[in-house]
Amino acid sequence: MAYTQIIGTGGYLPEKILTNADLEKMVDTTSEWIVERTGIHRRHIAAENESALTMAERAAREAMSDAGIAAKDIGMIIIATTTPEKMFPSTACLLQHRLGIAGCPAFDLNSTACAGFVYALSIADQFIRHGSIKYALVIGSEVMSRVVDWNDRATCILFGDGAGAVVLGASKKPGILSTHLHADGTYKDVLSLPVSLGKPGDIEEDLYIKMTGNQLFKLAVNILGNLFDETLAANSLTKADIDWLVPHQANIRIIQAMAKKLDLPLDRVAITLQEQGNTSSASIPLALNKAVRDGKIKRGDMLLLEGFGGGLAWGSALIQY
Ligand SMILES: CC(C)(COP(=O)(O)OP(=O)(O)OC[C@H]1O[C@@H](n2cnc3c(N)ncnc32)[C@H](O)[C@@H]1OP(=O)(O)O)[C@@H](O)C(=O)NCCC(=O)NCCS
């Protein structure tokens with residue numbers, strides 16, 4: 001049986017850092033409130049000449065170098081991003097061009113928001129397991145700083161910019177054991193970026209993320225708890241089998257609740273939230289990359305990845321790393 005393995009990881013964070021103290025000067029908030037309610041201390045903000053494309057390229061090149069794979073070997077490029085370079089060509093096509101390759105499928109997943117990376121991983125996994133391609137580049141890249149209202153204290157404190165990437169490769173040894181994707185449009189208004197393409201009646205505030213934070217918080221905790229049960233049951237495993245949780249980084253209190261659900265100590269959870277905020281679809285590959293680089297996640301460890309976001313859309317991946 002063929003499996004998909006993560007054979008390389010990479011990440012990129014912009015140089016500019018925005019601290020909670022900086023935010024205190026911009027909106028009516030305090031660093032204490034932000035840390036207590038979210039766990040976030042600082043976040044990275046893209047420079048004017050940076051974009052989802054430039055950051056994706058940095059992360060992708062690092063992941064390919066880590067995997068020892070040349071660009072010409074890549075059989076598919078998927079970029080999960082809610083902040084693409086353009087509506088089209090896709091950021092993935094633009095990256096393909098920058099990498100000097102042509103021919104392989106390349107597309108963006110634009111609308112699965114913070115669940116985007118897990119969705120993209122799942123799609124690439126199907127192609128590799130069925131033998132259609134050998135290697136895939138799966139990236140999450142976001143310039144959230146360009147879609148938050150910097151006057152809205154409820155949202156602007158949460159988000160940051162960055163990109164994370166993995167190279168997936170076909171393998172005879174177990175890798176991705178299962179993926180589980182879901183969505184429920186009932187909750188379409190809980191989290192949205194309502195901008196439409198020049199429809200009459202568009203108003204400026206539609207250009208920014210809208211969120212009912214406390215409702216979303218409760219939904220996330222319930223949804224993710226059920227998702228963990230589903231993922232473990234599908235693999236006839238128990239929570240004791242999980243070595244590492246690699247969660248979407250939205251709020252430290254959600255992450256703590258998820259660690260508790262798995263009986264995992266927090267030092268077995270890949271957390272970047274304090275330093276990076278919520279980087280949407282980039283948060284999971286960035287957290288994975290950091291935990292791997294820091295020597296924490298090791299080959300053979302059992303990883304549970306989970307993401308949730310606007311849609312609502314959510315998903316998990318169980319991976320023997
Ligand atoms: C956003 C979030 C941090 C807010 O925390 P919360 O404890 O739910 O806070 P609430 O939204 O209930 O607001 C509580 C109070 O703090 C205020 N507040 C909101 N943002 C604030 C800020 N930055 N500084 C100070 N006060 C703030 C609110 O106005 C409200 O005041 P009120 O009680 O006078 O009305 C939290 O709900 C959250 O993280 N939700 C999930 C977000 C998420 O997962 N998003 C991404 C998914 S991809």
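Note that ligands are numbered from 1 as they come in the structure, with each ligand's atoms numbered from 1 the same way. All values derive from a computational prediction rather than experimental measurement.
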- Is there a donor in the side chain of Glu142 and an acceptor in the side chain of Thr82, or the other way round, less than 3.5 Å apart? yes
- atom 33 (O) of ligand 1 touched by protein heavy atom at under 4.0 Å: no
- Side chain, backbone, both or neither: which part of Asn251 comes within less than 4.0 Å of ligand 1 when only heavy atoms are counted? side chain
- For ligand 1, which atoms have a heavy atom of Phe308 less than 4.0 angstrom away? 44 (O), 47 (C), 48 (S)
- Task: Is it possible for you to say whether Leu95 and Phe107 belong to one hydrophobic cluster, with membership spreading through side-chain heavy-atom contacts below 4.5 Å?
- Result: no
- Query: What residue and heavy atom of the protein are closest to atom 31 (O) of ligand 1, and at what distance?
  - Reply: Arg153 NH2, 4.3 Å
- Could you tell me whether Asn214 approaches ligand 1 through its side chain, its backbone, both or neither, with non-hydrogen atoms closer than 4.0 Å? both
- Query: Quick check: does Phe159 get an N/O under 3.5 Å from an N/O on ligand 1?
  - Reply: no
- Query: Would a distance-only check, ignoring hydrogens and angles, find a side-chain to backbone donor-acceptor pair under 3.5 Å from Arg153 to Val27?
  - Reply: no
- Out of Asn278, Val221, Thr212, the nearest non-hydrogen contact to atom 46 (C) of ligand 1 is supplied by Asn278
- Under the 3.5 angstrom rule, does the side chain of Asn20 hit a backbone N or O of Ile40 as a donor-acceptor pair? yes
- Task: Using distance alone, with no hydrogens and no angle criterion, decide if Thr81 and Asp108 have a side-chain donor and acceptor under 3.5 Å apart.
- Result: no
- Contact between Ala220 and ligand 1, counting heavy atoms under 4.0 Å? no
- So which protein heavy atom does atom 1 (C) of ligand 1 come closest to, and at what separation? Met211 CE, 3.7 Å
- Top protein contact for atom 14 (C) of ligand 1, by heavy-atom distance: Arg37 NH1, 3.7 Å
- Protein contact of atom 3 (C) of ligand 1 - nearest heavy atom, named by residue and atom, plus distance: Thr38 CG2, 3.5 Å
- Item | Under-4.0 Å heavy-atom contact with ligand 1, by part of Leu191 that carries it | side chain
- Query: Just checking, any donor-acceptor pair under 3.5 angstrom between side chains of His248 and Ser283?
  - Reply: yes
- Query: Counting N and O atoms only, with roles assigned by atom type, does the side chain of Thr4 sit under 3.5 Å from a partner on the main chain of Ile128, one being a donor and the other an acceptor?
  - Reply: no
- Query: Is it the side chain, the backbone, both or neither of Thr155 that has a heavy atom closer than 4.0 Å to ligand 1?
  - Reply: neither
- Message: Pairs of nitrogen or oxygen atoms closer than 3.5 Å, one from Thr30 and one from ligand 1: do any exist?
- Response: no
- Can you spot which of Val118, Thr112, Leu181, Asp184 makes a side-chain contact (heavy atoms from CB on, under 4.5 Å) with Trp314? Asp184
- side-chain hydrogen bond (donor to acceptor under 3.5 Å, both in side chains) with Tyr12: of His44, Arg61, Glu50, only one passes, and it is Glu50
- Query: What protein heavy atom sits nearest atom 4 (C) of ligand 1, and how far off is it?
  - Reply: Trp33 CH2, 4.0 Å
- Message: Does either side chain, that of Thr19 or that of Asp22, offer a donor lying less than 3.5 Å from an acceptor on the other one?
- Response: yes
- Query: With a cut-off of 4.0 Å, which atoms of ligand 1 are near a heavy atom of Thr29?
  - Reply: 22 (C), 23 (N), 24 (N), 25 (C)
- Do me a favour and list the nearest non-hydrogen protein atom to atom 48 (S) of ligand 1 with residue, atom name and distance? Cys114 SG, 2.8 Å
- Message: Around atom OH of Tyr187, are there more than 12 heavy atoms from other residues, nucleotides or ligands closer than 6.0 Å?
- Response: no
- Message: As an exercise, identify every atom of ligand 1 less than 4.0 angstrom from a heavy atom of Leu216.
- Response: 42 (C), 43 (C), 44 (O), 45 (N), 46 (C), 47 (C)
- Could any protein non-hydrogen atom be found less than 4.0 Å from atom 8 (O) of ligand 1? yes
- Exceeds 12 heavy-atom contacts within 6.0 angstrom, atom CZ of Phe127: no
- May I ask you to identify the nearest protein heavy atom to atom 40 (N) of ligand 1, giving residue, atom name and distance to one decimal place in Å? Gly213 O, 3.0 Å
- Task: Kindly indicate whether a cation-pi arrangement holds for Arg299 with Tyr321, taking the cut-offs as under 6.0 Å to the six-membered ring centre and within 45° of the axis.
- Result: yes
- Note on the structure: Quick note on ligand 1: atoms under 4.0 Å from a heavy atom of Arg253 include exactly 5 (O), 7 (O)
- For Leu219, does its backbone N or O pair with a side-chain atom of Asn222 as donor and acceptor, under 3.5 Å? no
- Task: Work out whether the distance between some heavy atom of Ile34 and some atom of ligand 1 is less than 4.0 Å.
- Result: no
- Starting from atom 44 (O) of ligand 1, which protein heavy atom do you reach first, and at what distance in Å? Ala250 CB, 3.4 Å
